[in-house]
Novice: 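Have a look at this one before I ask anything.
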Amino acid sequence: MNTYLKDKVRWVNNKVISGEQLFFFAFTISLIASFVVNTTFMIYLRINQVNWFNYFALFLLVIKIYIFDSFNWKEYIAITITLALAFFSWKNTQINTVMIMFGFILGAKNINFNKIVRHYFNVNFVLLLLIILYSLLGIIRNLAFFRGDVFRYSLGIDYSTDLSAYVFYLCLAYCYLNYRSLNWKKFIGILIIDTIMYLITNTRVDTFLILLIVPVIVLATSSVKTKMKKFIVSSFWYLNIILPYTFVLLTYYFTFGNPTMVKLNRILSGRLTYGEEGFEKYGVTLFGQKIAEHGWGGAKGLTMMKNNPFGYFYIDSSFIRLLIINGTLLGVITLFIIAFISIRETIHHDYLLPSILFLVVLSSMIDQHLLEITYDPFLLSFLSIVPFNLNGGSQNDKIK
């Protein structure tokens, strides 16, 4: 084993390309490919063709992990088992997003996390602007869904809530990178963006979550020291564990005989209903399973909304999807990663990432984007280098 490691180090030192360059090349490929999959460009493209770019990116990450990175033999065994579980989940579900995400989580070792978030922001910001422009120019379709008599536009994205989710995660990334300079002017700017998104998409939950971003992050990074502030920011790490567990229980035991649950289900647009139906119809698996879902997203979904609205069945919650679709083992690993990051940063008295993950967890209880690399870059902080100082507070660079 020692001889192998020495030979690997010698080989890597002689290479022109570095592990970091390999990572960001793969990251760029996957961000673009995964973004395109969620747009109406897919009316003209085959998903299998686009997915080959993601598989190539995953291949590059495997090279980085096993050749460029250094782990001890126990860590290599854990990584191999996790990647194998992600692979089996993909084979069983025919959904590759979780496998791709775990490749990036494990492949981000020794990469500066601030660079990851900045790269994510720059690439996705440009992609989103281009897609919106293409849809407004009529190059691709701008699908218009409806809730009652209110139209909900998606501006080139598959579904209106997915558009608002992109805006939510971009706002999170911006505030993470610029938390030191957050002020009332930027808060008003985010408020304006949030209002515009609500008028376009009529998405209630993401609108509320975007409103929470600035106050939560300001609270988490404020130098003001009070008992109440310390109590709140020290609570993020365990809330990031308790909230998913609570939501799973609410979904599993949902019944129309409970007025409080019915009211909550109505606020959540029926998510408890579909989650409970998923538990009853498919149950929980260890390694994942393929289930029949019929959502509103894309041109086919819009047609179904118009012609067969009662045929809708889709499990939105990331945590419910992990248990029913992706497999309980990957669900446990995901929750461990969230808890590990939150506890590690809290021990350093650095509450920025735990607060970000708190908002991500809130979002992931009602949407499916937790383990989609095109939306969520924050789980990549698991093995990457997260800058901090002894007094707490990340040393983040502003967006140039």
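Remember, predicted model here, so these are calculated numbers, not experimental data. Residue indices begin at 1 and follow the sequence shown.
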Novice: Quick check: do Leu383 and Ile105 have side-chain heavy atoms less than 4.5 Å from each other?
Specialist: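 Side-chain contact under 4.5 Å: no.
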
Novice: Do the side chain of Ser234 and the main chain of Phe231 share a donor and acceptor less than 3.5 angstrom apart?
Specialist: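 No, Ser234 side chain to Phe231 backbone: no donor-acceptor pair under 3.5 Å.
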
Novice: Tell me if the aromatic rings of Phe113 and Tyr176 count as close, with their centers under 6.0 Å from one another.
Specialist: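 Phe113 vs Tyr176: aromatic centres under 6.0 Å.
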
Novice: Could you give the distance from NE2 (His369) to OG1 (Thr97), rounded to the nearest 0.5 Å?
Specialist: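 If I round to the nearest 0.5 Å, the distance is 10.5 Å.
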
Novice: Would you say CZ of Phe25 has more than 12 non-hydrogen atoms from neighbouring residues, nucleotides or ligands within 6.0 angstrom?
Specialist: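 Result for CZ/Phe25: open.
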
Novice: Measure from the ring center of Tyr55 to the ring center of Trp52 and say whether it is less than 6.0 Å.
Specialist: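 Here the rings of Trp52 and Tyr55 have centres that are less than 6.0 Å from each other.
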
Novice: Would you kindly say whether Tyr66 and Thr80 are connected by a side-chain donor-acceptor distance under 3.5 Å?
Specialist: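 A pair is found: one side chain offers a donor N or O, the other an acceptor, under 3.5 Å apart.
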
Novice: Just by distance, do the side chain of Ser318 and the backbone of Leu370 share a donor-acceptor pair under 3.5 Å?
Specialist: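 Yes; at least one donor-acceptor contact below 3.5 Å.
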
Novice: Taking C-beta and beyond as the side chain, do Ile385 and Ile111 meet within less than 4.5 Å on heavy atoms?
Specialist: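 With C-beta onward as the side chain, the pair stays apart.
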
Novice: Is a side-chain N or O of Gln289 found less than 3.5 angstrom from the main chain of Ile324, in a donor-acceptor match?
Specialist: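 Yes, the answer is positive, given that a donor and an acceptor are paired below the 3.5 Å cut-off.
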
Novice: Are Tyr153 and Leu143 packed together at the side-chain level, in the sense that at least one heavy-atom pair is separated by less than 4.5 angstrom?
Specialist: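 No, too far: nothing below the 4.5 Å cut-off.
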
Novice: State yes or no: are the ring centers of Phe340 and Phe382 separated by less than 6.0 Å?
Specialist: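 Yes, they do, as the ring centres are separated by less than 6.0 Å.
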
Novice: Are Tyr274 and Tyr314 close enough that their ring centres sit under 6.0 Å apart?
Specialist: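 For Tyr274 and Tyr314, the ring centres are not under 6.0 Å apart.
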
Novice: Applying salt bridge (charged side-chain N to carboxylate O under 4.0 Å, His left out) as the test, list every pair that has at least one member in residues 194-219; sequence neighbours left out.
Specialist: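 Residue pairs with at least one partner in residues 194-219: there are none.
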
Novice: Treating Ile, Leu, Val, Met, Phe, Trp and Tyr as nodes and any side-chain heavy-atom pair under 4.5 angstrom as an edge, say whether Ile192 and Leu211 lie in one connected cluster.
Specialist: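 They do not share one cluster, since no chain of ILVMFWY contacts under 4.5 Å joins Ile192 to Leu211.
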
Novice: Are the side chain of Asp376 and the backbone of Glu372 linked by a donor-acceptor contact shorter than 3.5 Å?
Specialist: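 Checked: no pair found.
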
Novice: Taking side chain as C-beta onward, heavy atoms only, is Val248 less than 4.5 Å from Phe279?
Specialist: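 Yes, close enough: below the 4.5 Å cut-off.
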
Novice: How about Glu345 and His348: does a side-chain donor come under 3.5 Å of a side-chain acceptor?
Specialist: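 Per modelled atom types, Glu345 and His348 side chains form no pair under 3.5 Å.
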
Novice: Side-chain donor-acceptor pair under 3.5 Å between Lys109 and Ser384, yes or no?
Specialist: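 Per modelled atom types, Lys109 and Ser384 side chains form no pair under 3.5 Å.
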
Novice: Verify, without hydrogens or angle tests, whether Ser154 (side chain) and Ile157 (backbone) share a donor-acceptor contact under 3.5 angstrom.
Specialist: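 It does hold such a pair.
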
Novice: Got more than 12 heavy atoms from elsewhere within 6.0 Å of CD, Glu280?
Specialist: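 Atom CD in Glu280 is not packed in, count stays at 12 or less.
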
Novice: For a 4.5 angstrom cut-off between non-hydrogen side-chain atoms, does Arg266 reach Lys263?
Specialist: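 Yes, close enough: below the 4.5 Å cut-off.
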
Novice: Nearest 0.5 Å please: distance from the OG atom of Ser235 over to the OH atom of Tyr351.
Specialist: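 Ser235 atom OG to Tyr351 atom OH measures 10.0 Å (nearest 0.5 Å).
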
Novice: Drop me the distance from Thr251's OG1 to Asn265's CG, to the nearest 0.5 angstrom.
Specialist: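 Going from OG1 on Thr251 over to CG on Asn265, the span is 9.0 Å.
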
Novice: Does the side chain of Tyr166 pick up a donor-acceptor pair with the side chain of Asn38 at under 3.5 Å?
Specialist: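 There is such a pair between these side chains.
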
Novice: Of the non-hydrogen atoms in Val216 and Ser355, which two are nearest, and what is the gap between them?
Specialist: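 Where Val216 meets Ser355 most closely, the heavy atoms are CG1-CB, 3.8 Å.
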
Novice: Work out which heavy atom in Asp316 is nearest to a heavy atom in Arg271; give both atom names and the distance.
Specialist: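 Between these two residues, the closest heavy atoms are CB-NE, 3.5 Å.
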
Novice: Honestly curious: do Phe71 and Phe104 fall in one hydrophobic cluster under the side-chain, below-4.5 Å linking rule?
Specialist: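 They do share one cluster, since a chain of ILVMFWY contacts under 4.5 Å joins Phe71 to Phe104.
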
Novice: Just how far is it from atom CG of Leu191 to atom CD1 of Ile213, taken to the nearest 0.5 Å?
Specialist: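 Output value for this atom pair is 12.0 Å.
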
Novice: Are Phe236 and Thr346 side-chain neighbours, meaning at least one heavy-atom pair lies under 4.5 Å?
Specialist: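 Side chain of Phe236 against side chain of Thr346, heavy atoms only: no contact under 4.5 Å found.
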
Novice: May I ask whether Tyr238 and Met228 are part of the same hydrophobic cluster, defined by side-chain heavy atoms of I, L, V, M, F, W, Y residues being less than 4.5 angstrom apart, directly or through others?
Specialist: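 Yes, Tyr238 and Met228 fall within the same hydrophobic cluster.
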
Novice: Using the salt bridge (charged side-chain N to carboxylate O under 4.0 Å, His left out) rule, collect all pairs that involve residues 19-34, keeping only residues at least two apart or in two chains.
Specialist: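 Residue pairs passing salt bridge (charged side-chain N to carboxylate O under 4.0 Å, His left out), neighbours aside: Glu20-Lys115.
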
Novice: Under 6.0 Å from the six-membered ring centre of Phe313 and within 45° of its axis: does the NZ or CZ of Lys281 meet both?
Specialist: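 Yes.
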
Novice: For atom OH of Tyr282, is the number of surrounding heavy atoms from other residues, nucleotides or ligands below 6.0 Å larger than 12?
Specialist: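 Yes, OH of Tyr282 has more than 12 neighbouring heavy atoms, counting only those of other groups under 6.0 Å.
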
Novice: If you take all heavy atoms of Tyr76 and Ser70, which pair is closest and at what distance?
Specialist: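 Taking Tyr76 first and Ser70 second, the nearest heavy atoms are OH-CA, 4.2 Å.
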
Novice: Are the side chain of Asn72 and the backbone of Glu75 linked by a donor-acceptor contact shorter than 3.5 Å?
Specialist: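 Yes, because the side chain of Asn72 sits within donor-acceptor range (under 3.5 Å) of the backbone of Glu75.
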
Novice: Is the CZ atom of Phe146 crowded by more than 12 outside heavy atoms at less than 6.0 Å?
Specialist: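 Check passes, neighbour count above 12.
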
Novice: Is it true that a side-chain atom of Thr40 and a backbone atom of Arg141 form a donor plus acceptor pair closer than 3.5 Å?
Specialist: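 Yes; at least one donor-acceptor contact below 3.5 Å.
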
Novice: Might you work through the ring pair (Phe, Tyr, Trp, His ring centres under 6.0 Å) test for Tyr375 and Phe168, ending with a clear yes or no?
Specialist: CA-CA 9 Å; Tyr375 291 94; Phe168 168 70; 10.0 Å; no

Novice: Quick one: does Lys64's side chain have a donor or acceptor within less than 3.5 Å of a partner on Phe23's backbone?
Specialist: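 The answer is no, because no donor-acceptor pair under 3.5 Å joins these two groups.
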
Novice: Ignoring hydrogens and angles, write down the donor-acceptor pairs under 3.5 Å from the side chains of residues 26-36, residues two or more places apart or on other chains.
Specialist:
residue: Thr28; atom: OG1; partner: Phe24; partner atom: O; Å: 2.8
residue: Thr28; atom: OG1; partner: His119; partner atom: NE2; Å: 2.7
residue: Ser30; atom: OG; partner: Asn54; partner atom: OD1; Å: 2.5
residue: Ser34; atom: OG; partner: Ser30; partner atom: O; Å: 2.8
residue: Ser34; atom: OG; partner: Asn54; partner atom: OD1; Å: 3.3
residue: Ser34; atom: OG; partner: Asn54; partner atom: ND2; Å: 3.4

Novice: In terms of hydrophobic clusters joined by side-chain contacts under 4.5 Å, are Leu362 and Ile267 together?
Specialist: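 The answer is no; the residues belong to distinct hydrophobic clusters.
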
Novice: Are the side chains of Leu380 and Ile373 in contact, using a 4.5 Å heavy-atom criterion?
Specialist: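 They are in side-chain contact.
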
Novice: Phe256 vs Phe254, test: ring pair (Phe, Tyr, Trp, His ring centres under 6.0 Å). Steps then yes/no.
Specialist: CA-CA 7 Å; Phe256 283 103; Phe254 172 77; 5.0 Å; yes

Novice: Over all heavy atoms of both residues, which pair between Ser135 and Ile132 is shortest? Give the atoms and the distance, please.
Specialist: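 Closest heavy-atom pair between Ser135 and Ile132: OG-O, 2.7 Å.
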
Novice: Which distance, rounded to the nearest 0.5 Å, do you find between the OG1 of Thr201 and the CD1 of Ile196?
Specialist: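 Thr201 OG1 to Ile196 CD1: 11.5 Å, rounded to 0.5 Å.
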
Novice: Salt bridge (charged side-chain N to carboxylate O under 4.0 Å, His left out): which pairs involve residues 317-330, sequence neighbours left out?
Specialist: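 Qualifying pairs: Glu293-Arg321.
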
Novice: Rounded to the nearest 0.5 Å, what separates atom OG in Ser364 from atom CG in Leu371?
Specialist: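 It comes to 8.0 Å.
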
Novice: Can you run down the side-chain hydrogen bond (donor to acceptor under 3.5 Å, both in side chains) pairs that involve residues 212-222, sequence neighbours left out, and say none if there aren't any?
Specialist: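 Listed by first then second residue: nothing to list.
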
Novice: Do Asn202 side-chain atoms and Phe151 backbone N/O form a donor-acceptor pair below 3.5 Å?
Specialist: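 Not at all, since once roles are kept as given, no pair shorter than 3.5 Å links the two residues.
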
Novice: Has Asp162 got a side-chain atom pairing as donor or acceptor with Asp158's backbone, closer than 3.5 angstrom?
Specialist: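 Checking the backbone N and O of Asp158 against the side chain of Asp162, no donor-acceptor pair under 3.5 Å is found.
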
Novice: Quick check: closest heavy atoms across Cys171 and Ile190, and the distance to 0.1 Å?
Specialist: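 Nearest heavy atoms, Cys171 then Ile190: SG-CG2, 4.4 Å.
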
Novice: Got a sec, which pairs hit ring-ring contact (aromatic ring centres under 6.0 Å, His included) with one end in residues 182-212, sequence neighbours left out?
Specialist: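 Output for this query is empty, none listed.
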
Novice: To check you understand the geometry: which heavy-atom pair defines the closest contact between Ile100 and Leu58, and what is its length?
Specialist: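 Smallest heavy-atom distance, with atoms named: CD1-CB, 4.1 Å.
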
Novice: Kindly indicate whether the side chain of Phe68, heavy atoms from C-beta on, has any atom under 4.5 Å from the side chain of Ile63.
Specialist: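 Of all side-chain heavy-atom pairs linking Ile63 with Phe68, at least one is under 4.5 Å.
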
Novice: Could you state whether Val332 and Leu286 fall into the same hydrophobic cluster, counting links through intermediate Ile, Leu, Val, Met, Phe, Trp or Tyr residues with side-chain heavy atoms under 4.5 angstrom apart?
Specialist: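 Looking at the clustering, Leu286 is in a separate group from Val332.
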
